[in-house]
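Per chain, numbering begins at 1; letters A, B, ... match sequence-line order.
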Amino acid sequence: MIALTHEPIDCNRVLASVASNDVGAVVLFLGTTREFTHGRQTESLDYECYPEMAEKKLHELEHEARHRWPVIECHIVHRLGTLKLGEASIAIAVSCPHRNDAFEAGKWLIDTIKQVVPIWKRENWSDGTTEWVHPGMGKP
Amino acid sequence: MIALTHEPIDCNRVLASVASNDVGAVVLFLGTTREFTHGRQTESLDYECYPEMAEKKLHELEHEARHRWPVIECHIVHRLGTLKLGEASIAIAVSCPHRNDAFEAGKWLIDTIKQVVPIWKRENWSDGTTEWVHPGMGKP
Amino acid sequence: MIVRVKLFAVARQRAGIDAVEVELPAVGATVADLRSAIVEHCPALADVLAHVKVAVNNDYAADGTAIDAKAEVALIPPVSGG
Amino acid sequence: MIVRVKLFAVARQRAGIDAVEVELPAVGATVADLRSAIVEHCPALADVLAHVKVAVNNDYAADGTAIDAKAEVALIPPVSGG
């Protein structure tokens, strides 16, 4: 199950959605907004996405994870819009019969999402400047 | 922070306790009660512990995790008493600046807890029999 | 044919608009042709283009990928979600 | 001296009680002596003892570890928490 949302992520709902009597292990990953990056202070972050492609890629990654590991349920939610410090930009919950699979699948999902899903964040620095983050691109 | 509790684990509270503005990644692991083990059906599980030693070992493992990885907050809760199917027996939440550390620390904690912390589960099978689980001991 | 190219993040910021339209040959146009057309007609995007992938119909596309009149096309700067 | 040994899980189940008391020499007693005393005086625990670790003062203890009159002693069957 995947979702893109402008609302704060409800972790309890995400966890409830991956529960079942076959589940022995749940791994939940949350990516959260840090205040300092290389010494610069963040005021807030904005996330934007290419909705059709982001949904397609997230679906493909869920499918691939289910193919690679014995995933019982998988729920990925990415937040969009303006995030305050400490808020979660992404929640990935994976449930499996056994824990190694749940850890591996959760790790692979966040690593791969960060490489291929068309979502971008903009740093709104506390000095009033803003900056789109594009890894490997240097200062645009 | 560590806790042994007879109450259901409140995951939202556990997650809230590891949040901070320095956190970039949270990994929450839940161990949950499976209905079937090698084809046998579980009705419920009972967990008992040696409280003084379990608390000491959990504190030592939290300390060791903080020594090995840049852990910001760590919260381990183990449930005791009778658990229904699907309920969480353990919640481990680790927050770090970056995700690799959070995954590694969470994985190491659950792997090591399962080796050294004096907590035991008893299977209450649906056929009415009960059985303490002691890995490597064979049928007692 | 006129192809509409969706823009995001720094590409949208540079162009000052969320999509640009470029003219491509109606037959045989490829992603490489699209890149050339953008360099020529959208100079504000020229220097980011080297770092940007092209998506055709919601998949990443190599330079040889064909673009037809019904294709949905977008520029994808390096992603930073998660 | 009399040493009280806490029992858990299958060890408690076998003994039918949550602790047993064994007599050990007041000076120089070790975990190995404790194991021998349990085999001799608590036959119900004899066959699980090979699989059980001994904890002294809340740490796992080797056979050579000393046990004094104030030591907190427990048998730890293979753990299955988590």
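Taking CH2 from B/Trp132 and CD from D/Gln13, the interatomic distance works out to 8.0 Å, rounded to the nearest 0.5 Å. A distance of 5.0 Å separates CD in D/Glu72 from CD in B/Glu52, rounded to the nearest 0.5 Å. Note: B/Lys56 NZ to D/Asn57 CG = 7.5 Å, rounded to the nearest 0.5 Å. Rounding to the nearest 0.5 Å gives a distance of 9.5 Å between CZ of D/Phe8 and CE of B/Met53.
Across D/Val79 and B/Pro118, no two heavy atoms sit closer than the pair CG1-CA, 3.6 Å. The two atoms that bring B/Pro135 and D/Pro78 nearest to each other are O-CB, 3.3 Å, heavy atoms only. Here the shortest heavy-atom pairing between D/Asn58 and B/Tyr50 reads OD1-OH, 3.1 Å.
Remark: B/His59 NE2 is packed, more than 12 non-hydrogen atoms of other residues, nucleotides or ligands lying under 6.0 Å away. The neighbour count for B/Arg13 CZ, taken as heavy atoms of other residues, nucleotides or ligands under 6.0 Å away, does not exceed 12.
Checking side-chain atoms of D/Ser80 against main-chain N and O of B/His134 turns up no donor-acceptor pair under 3.5 Å. A donor-acceptor pair under 3.5 Å is absent between the side-chain atoms of B/His78 and the main chain of D/Gly81, judged by distance alone.
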**Request:** Would you sort out whether D/Val48 and B/Met137 count as a side-chain contact (heavy atoms from CB on, under 4.5 Å), showing the intermediate values?
**Result:** CA-CA 8 Å; D/Val48 301; B/Met137 198 160 150; 3.5 Å; yes
**Item:** side-chain contact (heavy atoms from CB on, under 4.5 Å) assessment of D/Ile76 paired with B/Trp120
**Value:** CA-CA 10 Å; D/Ile76 312 290; B/Trp120 300 271; 3.7 Å; yes
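Heavy atoms of D/Asp59 lying under 4.5 Å from chain B belong to its backbone as well as its side chain. Of the two parts of B/Val117, only the backbone, made up of N, CA, C and O, holds a non-hydrogen atom closer than 4.5 Å to a non-hydrogen atom of chain D. In this structure, the portion of B/Tyr47 lying under 4.5 Å from any heavy atom of chain D is its side chain and not its backbone. Contact annotation for B/Lys114: both backbone and side-chain heavy atoms come within less than 4.5 Å of a heavy atom of chain D. With a 4.5 angstrom heavy-atom cutoff, B/Glu60 touches chain D only via side-chain atoms.
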